[in-house]
Amino acid sequence: MFAGGYSVTSLESEGGRLRAERLRKLEDLKGLGVKPYPYRFERTHKAEALHKLYEGLAPETETQDVVRVCGKVLNERNSWMFVDLYDESGKIQLFCHKESLSQEKLDMRKLFDKGDYIGVTGTVRRTKAGELSIRVTDFELLCKSLQPLPDSWEGFTDVEARYRHRYVDMVMNPSVRDTLRKRSMAVRAIRQFLDDRDFLEIETPTLQVEAGGADARPFVTHHNTLDIDLYLRIATELHLKRLIVGGFERVYEIGRIFRNEGISTRHNPEFTMLEMYCAYGDYNDLMDFAEEMVVDCAMKVCGTNSLEYQGQTLSLARPWRRVRMNDAIKEVTGVDVESVKTFDEMKKVATTLGVHLEKEESRGEVINTIFESKVESTLIQPTFIIDYPVEISPLTKAHRTNPGEVERFELFVFGRELANGYSELSDPLDQRARLEDQARKKAAGNEEAMPLDLDFILAMEYGMPPTMGIGIGIDRLVMFLTNSASIRDVIAFPTMKPIAEPAKQLKDTVAEKV
RNA sequence: GCAUCCGUAGCUCAGUAGGUAGAGCACUCGGCUUUUAACCGAUUGGUCCUGCGUUCGAGUCGCAGCGGAUGCACCA
């Protein structure tokens, strides 16, 4: 039994009165010869199908149509005369009149609780109040629930309890399931979009000797028999580009990424990213591609390209604005950073603008910091910011005309970065120099700098065709599609800090029983 | 990591000035029976997140800790 003081996370504890009551009913059911955890049930209709099928049935009408439905009991009225049965598709009301049921079944019914799964046989009717119902002539228990559900009127609103016991959240708050359903639809739409265009989805390693491809701190784990530390990937980029080197021309991966950074409403330690690479295109082609893919996804999930998000309307109507980073800074601050040529001068400009600098080591990094602190939050409608400083883009091809810049864009929506794409750097000597520079920063103590991946450089020396590549944060995209304020709302089981004591006590309990 | 706020029954929440721990719903028992949060009656249910302190006395005041939310930082 759990120690007390953890009510927010233990729900009804093992020693709880309500649970004990249900255990008693479980024993009583067994005494009646009922098997409380049977193996299968043959159903004829889901709730939604019945509502559709009997749409025209008038109130106070009885049919002789026999159906079999099953699901979870979430509400009951009049001592189980009226029962709300829920399956995945929705609700169907059961009418359990005692004249239609045997005494044996009536005795059984007394031992049911909200939360139990049952399967019923009965005839379709519509009540005087107009509610489509099933006159139950027979039923069976499909699962006895031992835990009381939260009050259905007040709801289950405690945010921590909802995230810690997400299955209860899903039962009590249908919007949770709706959001996850839409997430699944969004991922399916993207896969279909890419598959239709001859892309191959190829899975790349999650466990890596060096974690590269992004500026982020990795998680460390350990392989026992090899006796080496391994890192969880922070990006799929370096391996997907190796596939392009290997001769694939269109590849992608929708995969879990792990970054050992802070947690917030927009950051979960593990999240899902689409990375896509396509040979013979550049970042201009890629922006067209990204627009088309995201709009296609929104249309398939929401049926519209106009999204209501946190009180704002986001229009995905194409084309989306494309602005050079320098021009965006000029628009917002009035400062033309292009006329500022040196690192020292740029630092002064930043200070004048009230931008706080920390670890910036170059002119380009300062420009990026100015952009992030002054411009990002103003980009509500979808906007591609293009042409980034080379210093913050070690994997991007140099801009074909602008010195010091690279052919990179980031897509911003609602002030948030949603995607990052570029003309991929394919010059192996340039790539080596850039990664060596990153390695120097890492050696100097910058934990987010990339490690020197010599095999990746070797791959580049074999030769990669001109390639465009993009990464899109799936969780963040789904947040927009589902009007979710927190990334945790679009993740089935978000990362939570464990509560040590109950877990330990549970282990002790298990140990005692063994 | 920093700041602010939060933690009381299974759920949702009150709790006044520091003075025996409360409500609604749920649960249990009884009554009633074509409801729409059914209704009527009765009962039951607590490590007030944890620990320490102040006090005759702490849900309430103080300190420390744990967990969470939001914002900032980091970052995508």
Side-chain angles (χ1 to χ4, degrees), chain A residues 1-13 15-22 24-25 59-60 62 75-84 91 93-100 110 113-115 125-131 133 135 146-165 168 172 214-217 234-235 257-273 275 356 358-359 372-373 376 410-412 416-420 447-448 471-477 479 485-488 494 496-502:
Chain A
M1 173 178 161
F2 291 162
Y6 301 99
S7 62
V8 94
T9 54
S10 63
L11 298 184
E12 174 75 348
S13 67
R17 184 177 52 90
L18 300 177
R19 183 171 179 274
E21 190 61 42
R22 287 174 178 234
R24 176 192 62 83
K25 291 177 179 171
E60 275 189 286
E62 299 271 350
N75 199 8
E76 149 273 328
R77 294 173 292 279
N78 261 26
S79 310
W80 289 76
M81 183 180 287
F82 297 94
V83 175
D84 290 336
K91 178 183 94 171
Q93 178 172 275
L94 307 180
F95 176 65
C96 302
H97 200 273
K98 54 187 174 188
E99 285 171 12
S100 306
K110 285 182 187 156
D113 287 296
K114 291 173 198 174
R125 65 192 295 265
R126 196 179 286 280
T127 65
K128 189 164 62 181
E131 184 75 34
S133 307
R135 177 186 290 277
L146 300 182
Q147 287 285 340
L149 288 164
D151 178 77
S152 60
W153 179 248
E154 298 293 347
F156 186 47
T157 60
D158 183 286
V159 179
E160 180 178 356
R162 288 181 56 199
Y163 288 139
R164 285 196 189 278
H165 303 280
V168 181
M172 298 307 298
D215 299 331
R217 294 160 66 183
I234 58 172
I257 302 295
F258 306 87
R259 296 190 183 174
N260 209 338
E261 312 277 359
I263 296 177
S264 77
T265 48
R266 293 172 293 284
H267 302 83
N268 196 61
E270 53 179 312
F271 63 101
T272 301
M273 188 153 72
E275 283 199 47
H356 177 65
E358 269 179 14
K359 58 183 180 184
E372 285 179 351
S373 65
E376 259 191 32
E410 289 189 330
L411 170 62
F412 290 89
R416 298 175 190 166
E417 184 188 338
L418 186 60
N420 179 17
E447 289 184 82
E448 288 94 38
I472 298 181
I474 296 297
D475 311 84
R476 289 186 176 177
L477 175 61
M479 285 170 73
S486 169
I487 196 168
R488 294 185 151 190
M496 296 294 284
K497 193 164 183 173
I499 295 188
E501 284 307 305

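Residue numbers start from 1 in every chain, and the chains themselves are labelled A, B, ... in the order their sequence lines are given, proteins ahead of strands.
Residue-level contact check: A:Glu76 touches the backbone only, with heavy atoms under 4.0 Å from sugar-phosphate atoms and none from bases. Looking at heavy-atom distances under 4.0 Å, A:Ala129 makes contact with a base. Nucleic acid contact for A:Arg476: base, since at least one base atom lies under 4.0 Å from a heavy atom of the residue. Among the heavy atoms of the strands, none lies under 4.0 Å from A:Asn260. A:Lys98 comes within 4.0 angstrom of no nucleic acid atom, judged by non-hydrogen atoms across all strands. In this structure, A:Asp215 reaches the sugar-phosphate backbone alone: every heavy-atom distance under 4.0 Å involves primed, P, OP1 or OP2 atoms, never a base. Residue A:Gly473 is classed as having no contact, given no heavy-atom separation below 4.0 Å to the nucleic acid.
Nucleotides B:C2 and B:A76 are separated by 23 Å at their P atoms, to the nearest Å. Rounded to a whole angstrom, the distance from the C1' atom of B:C13 to that of B:U35 is 28 Å. Annotation: B:C48 and B:U34 have their C1' atoms spaced 44 Å apart (nearest Å). With both ends at atom C1', the span from B:A69 to B:A37 equals 29 Å, rounded to whole Å. Rounded to the nearest Å, the gap between the P atom of B:G59 and that of B:G51 is 12 Å. With P as the reference atom, B:U47 and B:A9 are 9 Å apart, rounded to whole Å. Atom C1' of B:U4 sits at a distance of 22 Å from the matching atom of B:U8, rounded to the whole Å. Rounded to a whole angstrom, the distance from the C1' atom of B:C39 to that of B:G65 is 49 Å.
For A:Lys91 and A:Arg22, each mapped to the nucleotide of RNA chain B holding its nearest heavy atom, the one lying further toward the 5' end belongs to A:Arg22. Along RNA chain B, the nucleotide nearest A:Lys110 and the nucleotide nearest A:Ala485 are compared for position; the residue whose nucleotide lies closer to the 5' end is A:Lys110.
Of the candidate nucleotides B:G67, B:U33, B:A76, B:A76 has the atom nearest to the side chain of A:Ile487. Comparing B:A76, B:A69, B:U35 by their nearest atom to the side chain of A:Tyr163 picks out B:A69. Comparing B:A26, B:A76, B:G71 against the side chain of A:Lys114 picks out B:A26 as the nearest. The side chain of A:Asn75 has B:A38 as its nearest neighbour among B:C27, B:C72, B:A38. Checking B:G68, B:U70, B:U12 against the side-chain heavy atoms of A:Thr265 singles out B:U70 as nearest. You'll find that the side chain of A:Glu160 is closest to B:G68, out of B:U70, B:C74, B:G68.
Computed from coordinates, the A:Arg17 CZ to B:A9 P distance equals 13 Å when rounded to whole Å. The separation between A:Glu131 atom CD and B:U35 atom P is 12 Å, rounded to whole Å. Straight-line distance from the CZ atom of A:Arg488 to the C1' atom of B:A76: 16 Å, rounded to whole Å. Taking atom CD1 of residue A:Ile263 and atom C1' of nucleotide B:G67, one finds them 13 Å apart after rounding to whole Å. Taking atom CD of residue A:Glu60 and atom P of nucleotide B:U35, one finds them 10 Å apart after rounding to whole Å. To the nearest angstrom, C1' of B:U36 lies 14 Å from CZ of A:Arg125. Summarising the geometry, the separation between CG on A:Leu18 and P on B:G46 is reported as 10 Å, rounded to the nearest angstrom. Put simply, CD on A:Gln147 is 14 Å from C1' on B:A26, counting in whole angstrom units.
Within the shown strands, nothing qualifies as a pairing partner of B:U33 under the Watson-Crick or G-U definition with both distances less than 3.5 Å. If you check B:G1 for Watson-Crick or wobble pairing at under 3.5 angstrom, you find it paired to B:C72. Pair assignment for B:G51 gives B:C63, based on Watson-Crick or G-U wobble hydrogen-bonding distances that are each under 3.5 Å.
Residues forming a side chain to side chain donor-acceptor pair (under 3.5 Å) with A:Glu261 (at least two apart in sequence, or on another chain): none. Considering only residues two or more places apart in sequence or on other chains, A:Ser100 meets the side chain to side chain donor-acceptor pair (under 3.5 Å) condition with A:Arg135. A:Asp84 pairs by the side-chain contact (heavy atoms from CB on, under 4.5 Å) definition with A:Asn75, A:Arg77, A:Tyr86, A:Lys91, A:Gln93, not counting sequence neighbours. Applying the side chain to side chain donor-acceptor pair (under 3.5 Å) test to A:Asp113 and every residue at least two apart in sequence or in another chain returns A:Lys25, A:Lys144.
In the interface, the side chain of A:Thr127 is paired with the base of B:U35 through a donor and an acceptor atom under 3.5 Å apart. Within 3.5 Å, a donor on the side chain of A:Gln93 pairs with an acceptor on the base of B:U35, or the reverse.
The phosphate of B:C72 has OP1 or OP2 within less than 4.0 Å of a side-chain N or O from A:Arg266. Side-chain N/O atoms of A:Arg164 include one lying less than 4.0 angstrom from OP1 or OP2 on B:G68.
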Give me, pair by pair, the N or O atoms of the protein and of nucleotides 40-42 of chain B that are less than 3.5 Å apart, along with how far apart they are.
none

Are any protein N/O atoms closer than 3.5 Å to N/O atoms in nucleotides 29-32 of chain B? If there are, list each pair with its distance.
from: B:C32; atom 1: N4; to: A:Ser79; atom 2: OG; distance (Å): 3.4

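For the pair A:Arg259 (side chain) and A:Ile234 (backbone), a donor-acceptor distance under 3.5 Å is present.
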